[in-house]
Amino acid sequence: MPTRQPVRIKDRRTPGDLLAGLGALAVLVALIAGVPYALFRLAGPPLPPELRDLDLLTSQVGTSTIVAILVLLVWLAWLQMVVCVLVEIYAGVRRVGMPARVPFSGGTQMFANRLVSAAMLLFTVSAVALPIAKLTSLPPATSAIVSTGLSAASAPAGAERVELAPVQKAKKVYVVQPPHGRHHESLWEIAEKCLGDGRRYPEIYRLNQHREQPDGSRLRMADLIRPGWVLDMPDDARNVHIVPASQPRDDTLKDHPGKPAELDGRTQTFTPGGADLPAEPAPEISTPGEGAGQARETGRGQDGRHEVAGHRPDTAAERGASHDPRQVPVPKATAERGPDTAATAAPATAAPGRQDPGAADPGAAVAGPAENGQHTGLEMLDYLAGASLAAAGLLVALGRRRRRQLWHRAFGRRITRPRDDAAQAELALRLGADAPGSRMLDVGLRLLGRSLAAQNRVPPTVYAAHLSPQTLDLWIHPPDPDAPAPWSAHDGGQVWRLPAHEGRMLDEQALADAPAPYPGLVSLGSSGEGRVLVDLEAAHGPISIGGAQATAALAALAVELATNRWSDRMRVTLVGFGEELTVIASDRIRYVGSLAEILPELEASGKDGGNRGEVLTGRIHGRAADPVCTPHYLLSAIAPTEEEGRRLALLARKGVRTAAGYVIAGDVPHATWNWTITEEGRARVDALGFDVAAQLLPRRQYRALIDLFLATERLEGEPLADEPEPVTQTPSVEVRILGPAEVVGPSPMEEGRAVIAVELVVYLATHPGGVHPVVLGGILWPRGVQAVVRDATIARVVAWLGADSQGRPNLYADTSGRLRLGPEVRTDWMLFRDLVRQSHANPGGRPELLDRALGLVRGPLLNGRPRGRYAWLAADDLEYNVTAGVADAAHRLCEVRLARGETDQAVAAVRAGLLLAADDEGLWRDLLRATHLTDDPVRLRAVADALHRRAASHPYGGGMAPETEALIDELLPSWRMRSAPTA
């Protein structure tokens, strides 16, 4: 709140002051004495005889009675003015500071304040009532300033006056710290540390919502904060920094790069430390001719440009030394930053392509988004990564479509990969997908339904659910303290809870045929502690959704309903929006242009429905493959007419179609629930008392998802990359990616830091053109990282990789500032491609070269990578090229071996390719043909059975390609009889 600045009071009265005082005094006398005199003469006393008659309440009201009431109101207004004047006179004479507040007298008291202040100028300059600026309380610091100003104004005219210092407003801020290992700070932890209660995190969220941060992004979801963000804090926060209120966040981050500490009641700061920073100064690379121990600091020249590791641009030229362009040292990460170096600290890295303008020579070519095929993707992360359950379902649907692309892939080509926003959308999905949470919700609900069916119990109504990393909570009605194990009842039976450790131990295969009892559960948004879901069927009527972002919320609901795994079959009808969403799940979604098109169908199908209890009971006694009471959900972006609203309400409340849900944008007559999506992205449900960060799918993210799935419609594929350059160097460091990621050569690194170090080396090894450190930071830490953490990690990897046989560093920065690996760092993929190239160049095929190449394959690409890491593969050619390249090499070697009659070697070649390209059914068909030529029907049947089991249990589903089934029918006609499920 803006604070009124102290005003210097003049020490003598001017003629204008005298005139103003006389005029104010005259007005006061007229109001205090003249008004009652006039009222007595013209209108009579406050209570005339008409109002003192007891028959007034029952008799007819006439003109005289109305006039009497008006006179009474005028008397009351005069009395209010008198009270205000008395309060102001008391405050001015006694100098009590802020006058007392007279209830219901805002404008009247302000008018009295001005009159009394002007009138008192006639008597003394010091008796000035404090003007009323705002009637809210001031913070302590502001109150002290006001008191100082009042004392100076009240000093005698002849006393020595002290010049008042200008007032500078301050605020409290907190700098989000970099991650320690896998631990990232959350708003809950910050509230617990600074406010004493983690439940106060919404206060921090509201103070910072949609405010731009140093990395250019904004806080849109309470569970998505990034290191280096500067958060405004409430007035009572502790363990924070106090800075000028007008200070930009970038400057705050430079001045306070570390976290604060509360000491002796004073807020102090100290420099960053912790697990992610080296305990000693980071290692550096020495330029030839310079001692290894020479200190190098990242500074800024007089022209405002950063000098890279202390190397001035003209130094080498002045010495006349020949300069190896690869020997520009990597910027050093300083473990300790004092007041001088803190001012030059680089801002937090948030995403590829976003860089500090002064981080390099302006003439240097810095890798940007266009050069590297990388885009910031921050807006994608804000929404798509936040929709964790929907992201998990979308990835499964995407994988199913990719399998279909592989069915049609021709040898020599790769499947079509997404580009631009579509690639960033897949990256966001990979980062945010909560596959374990989606699995627990699915398996836990199916187990609940099966347990209740075994006990012949009617399932309760689940109107909402809360999914967190610790538990799955169901809010049920009516309350029931008898929850089937491993569920437990809480809050008097109102909540049934499944702990996460119990959910992880559930046997998914044993519940494969169990039906989904609550398919209408869909994410409303995030509470900061987890995902909040509501059951559309539990409303028992239309749900109204309003607000500027209602359509974005409807789109998010549609996408999750169409791809979730905790339902079996369903129909989702979209009215007036989402026609393109059919590309994601055409078996579930359909589009109509108006409610009039769908209402007759809903009314006709509703005649065969039952009540709510019968629907739930029927579901839990059914089968997943043949569900009872298939649900139908209607999402409409078109508000209904009055007649359509009435028909919807009757349809829902008659109990004739309860396996349904209706969510309608706009005002809906007879709506049972009302959802409001605010401009700030909050979802509020009046009937349930929810206020959460809404799950939304805005236009750009919606378009990106559509483009991502449209790319899977292109079955013709793309040509593979050009032939590689020959590999001639003997490596000093080998990076293995054709299987588990390994870096062979350097000594082992401690486990906590090895994951990010290996990913950094893998990225640089597969991108030989180099990448700028700022871009690399956004790739490895998509949610953001402080520059000091990024530089410390790079410096640590520099020391880890060491130097090659010529004494050159294996990791260096070139003259443009890009990070590159030396010529003696090689990947197994580079060697694989070189061996394949040599084999193609030989007229005889050289199968031994292909054997050597396939011998490098140890498993799927970067197998066993930690969850959330290597998300950049979604926007990169590597995954597509490697899969297609290995499959093509195995196919070619199989053909060569079969041409020579070497059937066993042909089978071995195909199996080597399937280690990495297990979803390529072209290789499975090669394996079937090669095994058939061995004249061993037992081996052939084993291959067919393995392929059938894999297709049936594949996480992406989709079955087998028609061409593969036809080949099995031809080679092994009896296979369907053995593979058919028994009744």
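Numbers here simply count residues along the sequence, with the first being 1.
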**Phe709: which of Thr582, Leu394, Leu581 passes side chain to side chain contact (heavy atoms under 4.5 Å, CB included)** = Leu394

**Request:** Start with the C-alpha gap between Leu634 and Leu648, add the side-chain angles, then the distance that decides, and say whether side-chain contact (heavy atoms from CB on, under 4.5 Å) holds.
**Result:** CA-CA 11 Å; Leu634 175 72; Leu648 278 172; 4.2 Å; yes

**Prompt:** Taking atom types as modelled, is there a side-chain donor on Thr676 or Arg684 under 3.5 Å from an acceptor on the other?
**Reply:** no

**Message:** Can you tell whether the side chains of Asp480 and Arg457 come within less than 4.0 Å, N to carboxylate O?
**Reply:** yes

**Prompt:** Side chains of Ser438 and Arg531: does their closest heavy-atom pair fall under 4.5 Å?
**Reply:** no

**Asked** With a 4.5 Å heavy-atom cut-off, do Thr471 and His490 have their side chains touching?
**Response** no

**Asked** Looking only at heavy atoms, which two atoms of Trp924 and Ala918 are closest? And how far apart?
**Response** NE1-O, 2.9 Å

**Asked** Got a second to check how far Leu923's CG is from Arg911's CZ, nearest 0.5 Å?
**Response** 11.5 Å

**Considering all heavy atoms, the nearest Glu560-Ser523 contact** = OE2-N, 2.7 Å

**Message:** Check Asp442 with Arg446, please: is the shortest side-chain N to carboxylate O separation under 4.0 Å?
**Reply:** yes

**Asked** Charged N to carboxylate O under 4.0 angstrom, Glu508 versus Arg565?
**Response** yes

**Request:** Could you grab the distance from atom CH2 of Trp566 to atom CG of Leu521, nearest 0.5 Å is fine?
**Result:** 8.0 Å

**Request:** Would you please test Val592 and Glu601 for side-chain contact (heavy atoms from CB on, under 4.5 Å) and show each step?
**Result:** CA-CA 12 Å; Val592 297; Glu601 177 184 334; over 6 Å; no

**Item:** Salt-bridge present (Arg450, Asp513; N to O < 4.0 Å)
**Value:** no

**Message:** When you compare the side chain of Val943 with that of Leu972, does any pair of heavy atoms fall below 4.5 Å?
**Reply:** no

**Request:** For the pair Leu445 and Val462, evaluate side-chain contact (heavy atoms from CB on, under 4.5 Å) and give the outcome as yes or no after the intermediate values.
**Result:** CA-CA 11 Å; Leu445 292 176; Val462 173; 5.9 Å; no

**Asked** Hey, does the side chain of Thr672 reach the backbone of Ala539 with a donor-acceptor pair shorter than 3.5 angstrom?
**Response** yes

**Message:** Show the nearest heavy-atom pair for residues Pro640 and Ala665, with the distance to one decimal.
**Reply:** CD-O, 4.5 Å

**Prompt:** Are Tyr662 and Val668 close enough that some pair of their side-chain heavy atoms sits under 4.5 Å apart?
**Reply:** no

**Prompt:** Using 4.0 Å as the upper bound for N to carboxylate O, is an ion pair formed by Arg590 and Glu597?
**Reply:** no

**Asked** Counting distance only, does the side-chain N/O of Ser544 pair as donor-acceptor with the main-chain N or O of Gly666 below 3.5 Å?
**Response** yes

**Request:** Check the pair Glu502, Leu506 against side-chain contact (heavy atoms from CB on, under 4.5 Å), reporting the backbone distance first and the verdict last.
**Result:** CA-CA 7 Å; Glu502 295 283 357; Leu506 296 179; 5.9 Å; no

**Ala391 to Leu384 - nearest heavy-atom pair and separation** = CB-O, 4.0 Å

**Flag, side chain of Glu921 to backbone of Ala961, donor-acceptor distance under 3.5 Å** = yes

**Prompt:** What is the minimum heavy-atom distance between Ala390 and Gln695, and which atoms define it?
**Reply:** CB-NE2, 4.2 Å

**Item:** Residues, nucleotides or ligands: over 12 heavy atoms within 6.0 Å of Arg869 CZ
**Value:** yes

**Prompt:** Is the shortest heavy-atom distance from the side chain of Arg588 to the side chain of Asn564 under 4.5 Å?
**Reply:** yes

**Item:** Close side-chain approach of Pro962 to Trp407, heavy-atom, < 4.5 Å
**Value:** yes

**Asked** From Leu561 CG over to Arg571 CZ, what is the distance, rounded to the nearest 0.5 angstrom?
**Response** 14.0 Å

**Message:** Show the nearest heavy-atom pair for residues Glu537 and Pro519, with the distance to one decimal.
**Reply:** OE2-CG, 4.1 Å

**Prompt:** Under 3.5 Å, is there a donor-acceptor pair between the side chain of Ser451 and the main chain of Leu447?
**Reply:** yes

**Message:** If you count every heavy atom of other residues, nucleotides or ligands that lies below 6.0 Å from His477 atom NE2, does the total exceed 12?
**Reply:** no

**Message:** What's the separation between atom OG in Ser488 and atom CG in Asp473, rounded to the nearest 0.5 Å?
**Reply:** 8.5 Å

**Fill in**
Distance col, row Glu879:CD vs Leu873:CG, nearest 0.5 angstrom, shows 5.0 Å

**Complete:** Output for pair (Leu524 CG, Leu688 CG), nearest 0.5 Å, gives 8.5 Å

**Asked** Trp475: what forms a ring pair (Phe, Tyr, Trp, His ring centres under 6.0 Å) with it, not counting sequence neighbours?
**Response** Phe690

**pair Asp434-Arg867: side-chain heavy atoms closer than 4.5 Å** = yes

**Request:** Take Glu426 and Arg402 through the salt bridge (Lys or Arg N to Asp or Glu O under 4.0 Å) test and state the conclusion after the steps.
**Result:** CA-CA 13 Å; Glu426 184 176 351; Arg402 292 265 168 82; 2.9 Å; yes

**Request:** May I ask you to check whether His466 and Ser468 show a side-chain donor-acceptor distance below 3.5 Å?
**Result:** no

**Asked** Under a 4.5 Å cut-off applied to non-hydrogen side-chain atoms, are Thr617 and Pro459 in contact?
**Response** yes

**Message:** Testing Thr551, Ile543, Leu574, Val575 one by one against Leu635 for a side chain to side chain contact (heavy atoms under 4.5 Å, CB included), which residue passes?
**Reply:** Leu574

